[in-house]
Amino acid sequence: MPEGHSIHRLARRHRRLLAGRPVAVSSPQGRFAEAAATIDGQVLTSTDAWGKHLFHRYDDLWVHVHLGLFGRFGDGRGEPPEARGALRMRLVVDDAWADLRGPTACELMDDSGRAALLDRLGPDPLRPDADPSPAVAKVVRSRRTVGDLLLDQSVLAGVGNVYRAEVLFRHGVDPFTPGRDLDPGVVEAMWHDLVVLMEAGVSAGRIVTTEPEDRERPAGRARRVDSSYVYGRAGLPCRRCRSIVRRAELGARTVFWCPVCQA
DNA sequence: ATAATATGGTGAT
DNA sequence: TCACCCTATTATC
């Protein structure tokens, strides 16, 4: 679920569903209870996202949420369902609600705390004003592998394991290539591709990185699209060249690639 | 019933 | 490089 596109989609959804009205904030599970009491009843004035970080603004404070690998938001119109399980944060307005479970981070912070956090993040392809040049410069100067660099949120923010594998495939780049061995033009092209792919991900609510001509199963009602080239396809034939897709550990995460298309 | 898995990240060694 | 945190769902016994 949660790469940058999911977080931007949540920011947009929470803005529409919850913003502009007083919010009843609670933490049935208890781990966010004290902070929840501080902002309970205040108006949610805005929402924002940077990379995989989500922010809710209340007066002069922010709620910062990072879903991590397991975190999820659910929501709905009308009355919230009975609270069950480990419900870290519940937001309720007059006609809607949202529930947060399993986040890595759910905390209250002020402007300086938020600034310090954003200071550690690289540019986010989903922010309209993003400047890719520092990210490109870091990649082409580094001896680390490009697969490692793409997941480093201080290089660029929002890319996760799926977009990493897919953008490398789409540009024919071996994940184990040192960043400094790449042409800056290729890195820049990958950035612009990520902008397109991730914006599509925000709209669709899921990751689709394949071009229509590479899909065996086309988009259609009640039919699942072939959404990825290599992610999760180890042992299966490459959609372009039929070579067997490989998997390996890279930076404590599993990377997938085609040994022929990404030679 | 228990284990394995997952699109993430931190802090210690 | 490892241990660990967070939760739900699916697979395996």
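Numbered from 1 within each chain, the chains take letters A, B, ... in sequence-line order.
Using a 4.0 Å cut-off, some side-chain N or O of A:Tyr231 falls inside it from OP1 or OP2 of B:dT7. Listed pair A:Arg253 / B:dT7 meets the phosphate criterion, a side-chain N or O lying under 4.0 Å from OP1 or OP2.
With respect to A:Asp48 and A:Arg114, a salt bridge is recorded, a charged nitrogen being found less than 4.0 Å from a carboxylate O. A salt bridge links A:Arg239 to A:Asp226: at least one charged side-chain nitrogen sits closer than 4.0 Å to a carboxylate oxygen. By the 4.0 Å N-to-carboxylate-O rule, A:Asp152 lies close enough to A:Arg144 to be salt-bridged with it.
Rounded to an integer number of Å, the gap from CD1 of A:Ile207 to C1' of B:dA6 is 12 Å.
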Scan nucleotides 6-11 of chain C nucleotide by nucleotide, 5' to 3', and note B when protein non-hydrogen atoms come under 4.0 Å of the base, S if they reach only the sugar-phosphate, - if neither. BBS---
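Using atom P as the reference point in both B:dT13 and C:dC5, the two lie 15 Å apart (nearest Å). The gap from the C1' atom of B:dA1 to that of C:dC6 amounts to 22 Å, rounded to the nearest Å.
For the pair A:Arg246 and A:Phe256, the cation-pi criterion (under 6.0 Å, within 45° of the ring axis) is not fulfilled.
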Please lay out, stage by stage, how A:Arg57 and A:Thr45 fare under the test side chain to side chain donor-acceptor pair (under 3.5 Å). CA-CA 6 Å; A:Arg57 179 71 154 167; A:Thr45 53; 4.9 Å; no
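Residues meeting the ring pair (Phe, Tyr, Trp, His ring centres under 6.0 Å) test with A:Tyr229, sequence neighbours left out: A:Phe169.
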